Number of protein chains: 2
Amino acid sequence: MDKRVTIQDVARHAGVSITTVSRFLNERYDSMSEATRGRIEAVIKHLGYRPNALAQGLKGNRTKMVAAVVVNMSYPFCVGFMKSLNQTLSPAGYHLFVSETAGNPDRERAIVQSLQAQRVDAMVLQTGGQNNDLLAAIAIQMPVIFVDRKYVVPGVTNVITNNLEASEQLAEHILEQGYRRVLYVTEQEDGVHTRKERLQGYLQACHKLSFKPWVITVDRDQDDTFDLVVKAVEDGAKKEPIAVYTGNGLLMMRLYPDLIRLGFQIPSQLGLATFDQPDWSGLVQPSLTCVGQPVDTMGALTGEMLLQRLSKPDETASAPVPFDVKTIASTLVLGGSTRLHR
Amino acid sequence: MDKRVTIQDVARHAGVSITTVSRFLNERYDSMSEATRGRIEAVIKHLGYRPNALAQGLKGNRTKMVAAVVVNMSYPFCVGFMKSLNQTLSPAGYHLFVSETAGNPDRERAIVQSLQAQRVDAMVLQTGGQNNDLLAAIAIQMPVIFVDRKYVVPGVTNVITNNLEASEQLAEHILEQGYRRVLYVTEQEDGVHTRKERLQGYLQACHKLSFKPWVITVDRDQDDTFDLVVKAVEDGAKKEPIAVYTGNGLLMMRLYPDLIRLGFQIPSQLGLATFDQPDWSGLVQPSLTCVGQPVDTMGALTGEMLLQRLSKPDETASAPVPFDVKTIASTLVLGGSTRLHR
DNA sequence: ATGAAAGCGCTAACAG
DNA sequence: CTGTTAGCGCTTTCAT
């Protein structure tokens, strides 16, 4: 490794003190002669000097880094959200730091502590909710936002979508089509409010339209749990038109080929719908009815809230947001997969 | 913002010097009494102290941060690659820093410089190739790896897949099925070797099997360029069985609905295939013939190479890798979309 | 218009 | 076993 060029080197080459170079770096040109300014500029370019952000951060207590902690960075939700968040943060000079927890609370804790040590300026997390004590303490030091998760933690803002209403709306739509039964496929709740509320939305729709709920819980790590769903659908659809509504896009992706293989006519014998809007929902035939979550809006909103709080220093301490929830509406996307003609 | 607790505070509360605390932090327990160790440990937990990584980095010159600079973080290739890279880096205590260039050279340059200032320990880039001067200079200071891009820059390792061979193989497969013509759809080359080599693979296959090449170049930002493709397919497929082979998965995703809408029988009247393996390739009917790039392997390999170089300090200067290319083989995935029965 | 000097929080000789 | 001291690269009063 060659020695990295420092402010010292620049000062020496330009024949000025490091203070003056520092002034130049911070664009305080008013207190500097044209000549000096030009000289420093030239030296910096010539030496390829870049101020050490670590040293700057150590002094100024701002690193221009924002951390996003998600469950799985390849989930469509996370991908879309991070991209949009990054797009609003980036122009303001903030860098995004991405980590994934894989849903492991200990791992999440370790990541958060590491991020804290890294002195990021803010954190955005899709948390599991088991480290709220730690996060509450951190929320005193910097802006913290929960995304896609709802937990009451003082000082933390939650950015979520209207899972319950959207799910109820979708379930109602399917039931109104005339399917005799609608199977709801979900995963173990595990304290994740999205799963709970989507299920609840389905249940409410059933209750409202006087249908008997039909729910199967699967585990994405266990293939045989999906076999049960396929079997249930096979038995059910041969008697009467039924529909399958999955609680998230990954479940439908996993289930889709198996369900198609059963050979039922979609949508006349078997209706299909899912929460989330997979990128392939418009590619299959018939297109898939689904609920599109506004990940772009969520990312942008989160980014803007962050920027605003970051712009007014010490706001965190002086006006600690007690607790706050921003709910953004999802969109029902009607596809051919539930268009049952009675 | 409340004052953040520092090593000073810990030392004071524990009644020892900061040196001793520092020793504790660096696990040099041998030179420390049981009592002291226990006391420090308790104080740290009580105060919720986290060593300031900035200060540590400023001193030790290692930040445990690795940067990944990609064109678009929502592209399937990038998503898969980053995830796998992160999974190999993370256990070693490295954090991943993600940025996107949107293919803009100036933006890429700005990002790289900022990353350099941030003192990341290494960089992985899907570069556009316009900043190779800067990157060559950086490669002297830290490990730099190009992914999915091939440029000769001293000290930089390239991790790529066998685009040419895989493309030729796929094109040959399609032609051998008996399609009378195969339309290759690509984007402006713009110095991106993957586009160039995939096209070349197609051309070689045509030459080898004595077919006349048929290529249309589209622009994903201009819808009308796709209209031309659709029109060409419509005119062609009504006369004889033809196939469409797109140079990447995004193009096929964009084109697919339009092509299906034409109403030709797939694969008997119209064959379909693409480079890349979209997650939906197995969901559509018939399933899509494609080329799967081993993004996981690429990410893991990249991560391992990085870790190895990072583990031996000053290796960079003493044994500057002159130039190096790692090529990983892709897999041809035969689907029903090109199964033409003559 | 410019510089000297005091840290920011931490590590690492070098003494005890 | 533990403390003293000198920086790492930069910003920021306070002088001049």
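Chain letters run A, B, ... following the sequence lines, proteins first, then strands; residues in each count from 1. Treat the numbers as computed from the prediction; the structure is a model and nothing was measured.
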Could you check whether A:R309 and A:T157, counting side-chain N and O atoms only, form a donor-acceptor pair closer than 3.5 Å? no
Send over the distance from A:I18 CD1 to C:dT2 C1', rounded to a whole Å. 13 Å
As a quick check of understanding, evaluate side chain to side chain donor-acceptor pair (under 3.5 Å) for A:E108 and A:T127, giving each step before the final call. CA-CA 8 Å; A:E108 178 182 302; A:T127 180; 2.6 Å; yes
For the base of C:dG7, is there a side-chain donor-acceptor partner from A:K59 under 3.5 Å away? yes
Short side-chain N/O contact from B:Y49 to OP1 or OP2 of C:dC10, under 4.0 Å: yes
For B:T6 and C:dG9, is the shortest distance between a side-chain N/O and OP1 or OP2 below 4.0 Å? no
Heavy-atom side-chain proximity of B:H95 to A:S99 below 4.5 angstrom: yes
For C:dC10, does either OP1 or OP2 sit under 4.0 Å from a side-chain N or O belonging to B:S22? no
Can you tell me the distance, in whole Å, between the NZ atom of A:K64 and the P atom of D:dC10? 18 Å
Regarding B:V16, tell me which of base, sugar-phosphate or nothing describes its non-hydrogen contacts under 4.0 Å with the strands shown. sugar-phosphate
On DNA chain C, does the nearest nucleotide to A:M32 precede the nearest nucleotide to B:N26 from the 5' side, or the other way round? Give the residue. A:M32
Suppose we call a contact any N or O donor and acceptor under 3.5 Å apart; does that hold for the side chain of B:R23 and the base of D:dG3? yes
5' priority, DNA chain D, between B:T20 and B:R119 [closest heavy atom]: B:T20
Could you state the CZ-P distance from B:R62 to C:dC10, rounded to the nearest angstrom? 14 Å
Give the rounded distance in Å between these two atoms: CD of A:Q8 and C1' of D:dG7. 11 Å
In terms of side-chain geometry, is the basic nitrogen of B:R4 or B:D9 positioned less than 4.0 Å from the acidic oxygen of its partner? no
Decide yes or no for B:I7 and B:S22: does some side-chain heavy atom of the first lie under 4.5 Å from some side-chain heavy atom of the second? yes
Does D:dT11 have OP1 or OP2 sitting under 4.0 Å from an N or O in the side chain of A:Q56? yes
Integer-rounded Å distance: C:dA12 C1' and B:E27 CD: 17 Å
Whether A:S31 contacts C:dT2 is assessed here as follows: a side-chain N or O lying under 4.0 Å from the phosphate OP1 or OP2. Is that the case? no
Choose from D:dG9, D:dT2, C:dT2 the nucleotide whose nearest atom is closest to any side-chain atom of A:L58. D:dG9
Determine whether B:R149 and B:V192 make a side-chain contact, defined as any pair of heavy atoms from C-beta on separated by less than 4.5 Å. yes
How is A:D30 classified with respect to the nucleic acid when contacts are heavy atoms under 4.0 Å: base, sugar-phosphate, or nothing? sugar-phosphate
Rounded distance (Å) that lies between atom C1' of C:dT11 and atom CG of A:L54: 15 Å
Between atom CZ in B:F24 and atom P in C:dC10, what is the gap in whole Å? 14 Å
Any N or O donor-acceptor pair under 3.5 Å from the base of C:dT11 to the side chain of B:T19? no
Taking only side-chain N and O atoms of A:N52, does any of them lie within less than 4.0 angstrom of OP1 or OP2 on D:dC8? no
At under 4.0 Å, does any side-chain N or O of A:R28 touch on OP1 or OP2 of D:dT12? yes
Just to confirm, is there a sub-4.0 Å distance from OP1 or OP2 of C:dT2 to any side-chain nitrogen or oxygen of A:S33? yes
Determine whether any donor atom in the side chain of A:R50 lies under 3.5 Å from an acceptor atom in the base of D:dG9, or the reverse, and answer yes or no. no
What is the separation between atom CZ on A:R39 and atom P on C:dA1, rounded to the nearest whole Å? 14 Å
Could you tell me whether A:L25 contacts a base, only the sugar-phosphate backbone, or nothing, with contacts defined as non-hydrogen atoms closer than 4.0 Å? sugar-phosphate
